[in-house]
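Take a look at the structure set out below.
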Amino acid sequence: MSDQLQVLNPATEEVVATVPAATAADVDAAVVRATKAQSGWAALAPGERARLLRRFAVTVDEHLEELARLEVREAGHTVGNARWEAGNVRDLLDYAAGGVERLTGQQIPVPGGLNVTILEPLGVVGVIAPWNFPMPIAAWGTAPALAAGNAVLLKPAETTPLTALRLAELALEAGLPEGLFQVLPGHGSVAGNALVEHPGVAKIVFTGSTAVGKQVLAKGSALLKRVTLELGGKSPNIVFADADIEAAAAAAPMAFLDNSGQDCCARTRVLVQRSAYDRFMELLGPAIEAVTVGDPADEKTDMGPLISKVQLDRVRSYVTDDLDGIRGKAPEGPGFWFPPTVLTGVDPHARVAVEEVFGPVAVVLPFEDEAEAVALANATDYGLSGSIWTRDVGRALRVSQAVRAGNLSVNSHSSVRYWTPFGGFKQSGIGRELGPDALTAFTETKNVFISTEGPAQ
Ligand code: NAD
């Protein structure tokens, strides 16, 4: 009997589904189908490809509630977040569809002829997705790759294959050709690894942990495979004393508690200028206690469970009883629950202050001045996101330039929009996704010179 993936509801620990795990042979067969489908897809008129992708977007929209409910069951996401996630897939498909007819090369002046560049699809693209945002992250790679004329093989995380499988069905329903977008649920070390090592897969878009990302890069490099990596983060939320402290304290909880802290952009290092520290903490306590943790299917819930027992144990290992701070409430009984937790008095070099916990845990660290704030913000191997709270425009710009991270926001915590570029500095990744250049990342540039001199006599 084939190996099965067991999908659990993280809020109840009940089995939602079992799904056969793809083997390396399944990956081989999928590459053959995808290669065939890709040549037909790339040959379609651009307007036709765009039309089919728009139809896919409409089909996703028609099934938005169903997809969202499936995400609640398999990932424990709050229903409000899950609806946003399904909507994000629709929007990504629409946005990418708008790029198909705009995927233009250049005409470069040269003597003796005409020089043009052509952006050609890569072929078959492997997208390896994590469990924390199963739908959006799958679509970040898939939508622009398809729009640029590629076929896509998507390997969802072991714990969250269901929405990905449903998206593949919806793609067929919308009229996308068989084999063009296939989902291969399976183990990272088997199906994921087979994609990385397959010579027929031209590019890997990997989102996940930094440790596995490094392995993917090393193995992919043996074939000079194109690799994009979106990895971990330990992002700062820098609050200067001149900021609107009420607004900063009100926004701080969900900046690290959204998706139960299982967010690569979570602002888990709250850096507060010492002169505003007491006031900030006075406001933060009630704001944390006001966060509703519970049944993710309930519209009023702010935060659901963690994804799995493994993740729960990992988060617990960082929060020892000797640490001071604020602890919110979480349900007891079945489910992978952990309360909102803010730790104070932590050594800035402690594990919990520098490693990605990937749970609802933040540390608050005081700083004296701008130079110390920047030094603390940069004192991590990661460089994904961050926020800066200040009323001083010059300081906002100076600190935005000084913090080594790919996605910053001033007086807010927003970092991900499908039409702006996203990606990490340092060990948070390589390459960028989303934004105006999203499709280009799935092409090779071909340069063609056409002589006007006529054939040699
Ligand atoms: P993970 O690295 O364990 O797994 C990610 C994916 O890689 C899964 O599909 C897994 O099956 C697969 N995989 C595992 N081993 C593999 C191998 N040897 N070869 C190929 N594929 C393999 O990460 P995770 O625990 O699922 O996800 C959490 C991590 O993802 C966090 O570190 C988080 O910060 C990161 N993340 C980053 C971003 C971003 O955009 N930067 C977004 C979301 C999550």
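Basis for what follows: all heavy atoms, side chains included, without hydrogens, waters or symmetry-related copies. In listed order, ligands and their atoms are each counted from 1. The first residue of the sequence shown is numbered 1, and numbering continues consecutively from there.
The side chain to side chain contact (heavy atoms under 4.5 Å, CB included) check on Gln38 picks up Ala42, Pro121, Ala151, with sequence neighbours excluded. Here Glu13 pairs with nothing under the side chain to side chain donor-acceptor pair (under 3.5 Å) rule; sequence neighbours left out. Among residues two or more places apart in sequence or in another chain, the ring-ring contact (aromatic ring centres under 6.0 Å, His included) test is passed with Trp131 by Phe358.
Using a cutoff of 4.0 Å between basic side-chain nitrogens and carboxylate oxygens, Lys309 and Asp313 are scored as salt-bridged. Arg69 and Glu66 are not joined by a salt bridge, as no carboxylate oxygen comes within less than 4.0 angstrom of a charged side-chain nitrogen.
The shortest distance between side-chain heavy atoms of Trp140 and Val416 falls below 4.5 Å.
Closer than 4.0 angstrom to ligand 1 sit non-hydrogen atoms from Ile128, Ala129, Pro130, Trp131, Asn132, Ile137, Trp140, Lys155, Pro156, Ala157, Glu158, Gly188, Gly192, Asn193, Phe206, Thr207, Gly208, Ser209, Val212, Gln215, Glu230, Leu231, Gly232, Cys264, Glu356, Phe358, Leu384, Phe422.
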